[in-house]
Amino acid sequence: MDNKQIANIFRKIAEILELQGAIIFRIRAYERAADTIERLGAELKVMAEQDTLTTLSGIGKDLSDKIKEIVETGSLKYYGDLKKEVPEGLLQMLKISGLGPKTVKLINDNLKINTIEGLEKAAREGELRKIEGIREKTEENILRGIDLFKKREERTLFYKASDISDKFIEQLKKMKEIDKIESAGSLRRKKWTVKDIDILVTSKQPEKVIDTFVKLSLVSEVLAKGSTKSSVIAKDSNLQVDLRVLEASKFGSALMHFTGSKAFNVKLRQLAIKKGYKVSEYGLFSVSPDKKEELIAGQTEDEIFSRMELVYIPPELREDRGEIEAAQSNKLPELINIQDIRGDLHVHSTYSDGKDTIEIIAQEAKRLGYRYIGISDHSQSLRVANGMSIENIFKKIEEIKKLNKSIKGIEILCGTEVDILPDGTIDYPDSVLKELDFCIAAVHSGFKQTKEKLTKRIVSACKNKYINIIAHPTGVLWGVREECEIDFDEVLKAALENDTALEINCHPMRGDLNSLNILKARRAGVKIAIGSDAHIISELKFMDLGVNLSRRGWLEKNDIINCMEVSKLEKWLQKKQ
DNA sequence: GCCGTTTTCGGCCCGACTGTTTTCAGTCG
């Protein structure tokens with residue numbers, strides 16, 4: 001069992017305890033432990049053997065023993081017993097928006113309903129309203145929740161959500177009653193996927209703003225409408241959009257609160273209490289011994305951070321991954337910006353499955369301000385992507401030589417995205433690889449191999465002296481394929497020892513590495529390449545998404561090979577040989 | 001279930017909206 005699986009067991013336990021009406025703090029203890037485990041760099045297995053689990057925050061004797069039991073036996077008796085007490089369907093019912101543990105339990109106790117289908121039937125037939133505490137309105141809400149549940153994608157990709165958010169903001173900006181407007185939430189933290197959109201505005205006429213908001217043509221359904229807050233569903237997306245109207249004096253504290261993350265907020269509030277303060281969306285308050293509160297900051301985030309004796313923490317870092325501690329000692333990283341990117345090394349041309357010629361790509365890269373562009377077409381075995389024959393590689397090398405003479409102001413590098421075959425060998429012989437400026441290697445088949453085999457494949461590619469970059473290391477494809485199981489620590493070790501960079505693949509479907517793995521790579525000292533994986537020049541802009549992800553993974557300029565100037569990069573690429 | 005610079009018990013982050021009540025509980029973020 002790896003850390004993620006153990007964390008999942010704790011989350012499931014928390015859900016079941018919630019249904020059973022356990023005290024909230026016990027439930028939170030399991031959730032907090034799951035959080036800690038998930039963001040942990042080290043293997044729990046090793047810590048269990050060394051008996052150091054209780055040094056982790058939120059893990060005491062009981063949970064330490066439970067982890068040890070899982071590590072040693074592969075299962076947890078307590079969890080097995082607990083599962084028997086609660087039908088799986090009840091856990092499913094919890095996923096319906098508006099339906100929490102208390103109501104699920106109430107319905108189950110009264111009508112013995114334990115599936116979503118059963119719930120829907122009872123709601124349609126008006127059975128639920130016979131239960132004390134449930135009336136028509138609740139019944140309607142449950143039906144609406146079920147409807148949403150059925151058609152909802154769990155999360156929406158950032159680049160789609162940010163598009164929708166921009167449209168709402170554009171419409172709202174037309175209102176003269178609105179002063180400031182900004183999106184918050186995971187969108188502001190630039191998470192790869194988001195659950196909903198939070199928009200904050202300041203206005204002296206909140207009711208009027210809310211009235212206009214719910215009537216926007218972008219809205220398909222109004223979920224809630226109060227005097228300062230409203231929730232709607234955006235048209236054609238099933239994405240929930242929340243709007244909150246605030247006083248200008250509290251905009252900073254509200255922005256901070258609704259940007260989150262939840263874990264960050266909790267940590268910040270605990271820190272506030274230690275300093276004799278209280279922080280909420282309405283501001284930072286000093287609290288006197290007789291519990292009198294006085295507002296001391298709230299208009300801007302800067303002001304609040306400063307009163308808390310923290311340097312400003314960029315939203316992308318607010319995940320409780322050590323950023324608050326780093327801000328206390330002024331050791332936050334200097335995050336990269338899109339302007340720091342000097343070139344893109346992962347681009348496909350008409351030599352494989354790209355839509356544009358090398359010349360067109362080079363011209364567009366130049367227009368974007370890049371200093372170099374690496375053309376990395378697929379290798380021969382990837383037939384579905386029109387992988388290049390060896391003969392074509394030599395044609396491509398010649399073409400790039402000519403183009404480099406005719407196009408000034410940008411350097412075209414000739415590369416490949418070569419397959420790491422299921423037996424761990426590379427799809428072209430060394431005699432071919434050595435003719436190229438750089439080589440990216442990637443797994444494109446045999447994803448279902450064991451963790452050991454997959455890890456070995458990637459490690460052996462790292463060791464190849466012509467391979468500079470491992471592309472999309474975990475193979476995740478959003479909504480299509482989960483991350484493959486690889487021993488990431490082993491991969492990091494091999495990458496570090498052999499001067500191989502790991503890629504952040506910017507394609508919206510990938511986002512691979514994820515931010516936690518990026519952070520691990522940075523802490524291990526492994527270099528990163530950010531590649532757009534563009535198959536048409538309009539996709540070169542995906543670089544933005546990779547920069548977002550890099551910032552979430554704490555990356556600085558020096559961590560990233562395509563922030564190097566071309567001469568330095570060329571030296572780095574040849575370093576292995 | 002965890003945790004401790006008033007510490008081994010009694011706290012544990014904070015507030016809006018909704019529905020069902022008649023002062024509040026449940027849910028959500």
Side-chain angles (χ1 to χ4, degrees), chain A residues 10 13-14 17-19 21-36 53-67 78 93-107 128-129 131-142 144-145 148 184-189 194-200 206 210 222-232 240-246 250 253-254 256-285 287 289 293 320:
Chain A
F10 283 180
I13 289 175
L17 289 176
E18 215 178 346
L19 273 176
I23 59 160
I24 185 73
F25 302 110
R26 202 170 148 224
I27 297 164
R28 278 203 201 135
Y30 278 98
E31 285 172 348
R32 205 169 55 223
D35 284 344
T36 303
L53 289 167
T54 51
T55 61
L56 298 173
S57 100
I59 303 211
K61 182 166 186 325
D62 181 89
L63 291 182
S64 161
D65 286 347
K66 286 194 168 80
I67 294 171
Y78 172 67
M93 283 161 72
L94 272 185
K95 298 206 170 106
I96 293 167
S97 168
L99 205 54
K102 294 276 169 20
T103 314
V104 168
K105 189 169 184 302
L106 182 71
I107 293 171
L128 297 182
R129 71 185 70 169
I131 301 171
E132 193 169 335
I134 295 181
R135 291 285 164 269
E136 261 175 77
K137 204 81 186 194
T138 304
E139 216 170 53
E140 278 170 27
N141 284 341
I142 287 174
R144 189 165 60 178
L148 270 178
S186 44
L187 201 64
R188 184 164 179 246
R189 302 202 311 280
V194 305
K195 214 171 111 237
D196 51 25
I197 295 172
D198 292 288
I199 298 174
L200 306 186
I210 296 279
V222 180
L223 297 177
K225 179 173 177 280
S227 59
T228 62
K229 191 204 144 174
S230 169
S231 298
V232 302
Q240 183 172 330
V241 183
D242 292 349
L243 180 78
R244 291 162 212 274
V245 189
L246 310 146
K250 287 154 190 164
S253 47
M256 194 133 129
H257 174 85
F258 290 109
T259 297
S261 66
K262 193 174 168 188
F264 173 86
N265 284 352
V266 168
K267 192 72 165 266
L268 202 71
R269 283 176 189 156
Q270 287 165 344
L271 181 66
I273 291 170
K274 270 188 201 156
K275 289 181 182 289
Y277 296 149
K278 186 192 85 168
V279 65
S280 76
E281 66 232 63
Y282 295 111
L284 179 67
F285 301 85
V287 185
E293 294 174 1
D320 189 21

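Within every chain, numbering begins at 1; the chains are lettered A, B, ... in the order of the sequence lines, protein sequences first and strands thereafter.
Salt-bridge check for Lys278(A) with Glu293(A): passed, with a basic side-chain N closer than 4.0 Å to an acidic carboxylate O.
Residue Tyr30(A) is in sugar-phosphate contact alone, with no base atom involved, counting any heavy-atom pair closer than 4.0 Å across all strands shown. Using a 4.0 Å heavy-atom cutoff across all strands shown, Leu56(A) reaches sugar-phosphate atoms only and no base atom. Residue Ile59(A) is in sugar-phosphate contact alone, with no base atom involved, counting any heavy-atom pair closer than 4.0 Å across all strands shown. Nucleic acid contact class of Lys66(A) (heavy atoms, under 4.0 Å, all strands): sugar-phosphate only.
Considering every non-hydrogen atom in both Asp320(A) and Ala263(A), the closest pair reads CB-CB, 3.8 Å. Residues Ser64(A) and Thr54(A) share a closest heavy-atom pair of CB-CG2, 3.8 Å.
Distance from the side chain of Arg135(A) is smallest for dT21(B) among the nucleotides dT21(B), dG29(B), dC17(B). The side chain of Lys278(A) sits closest to dG15(B) out of dT27(B), dA16(B), dG15(B). Nearest to the side chain of Leu63(A), among dG29(B), dC2(B), dG15(B), sits dC2(B).
Classified by interplanar angle (parallel below 30°, tilted 30° to 60°, perpendicular above 60°), the ring pair Tyr78(A)/Tyr30(A) is parallel.
Per the geometry, CD belonging to Glu140(A) stands 14 Å off P belonging to dT18(B), to the nearest Å. The CG-C1' distance, from Asp198(A) to dC17(B), rounds to 15 Å in whole Å.
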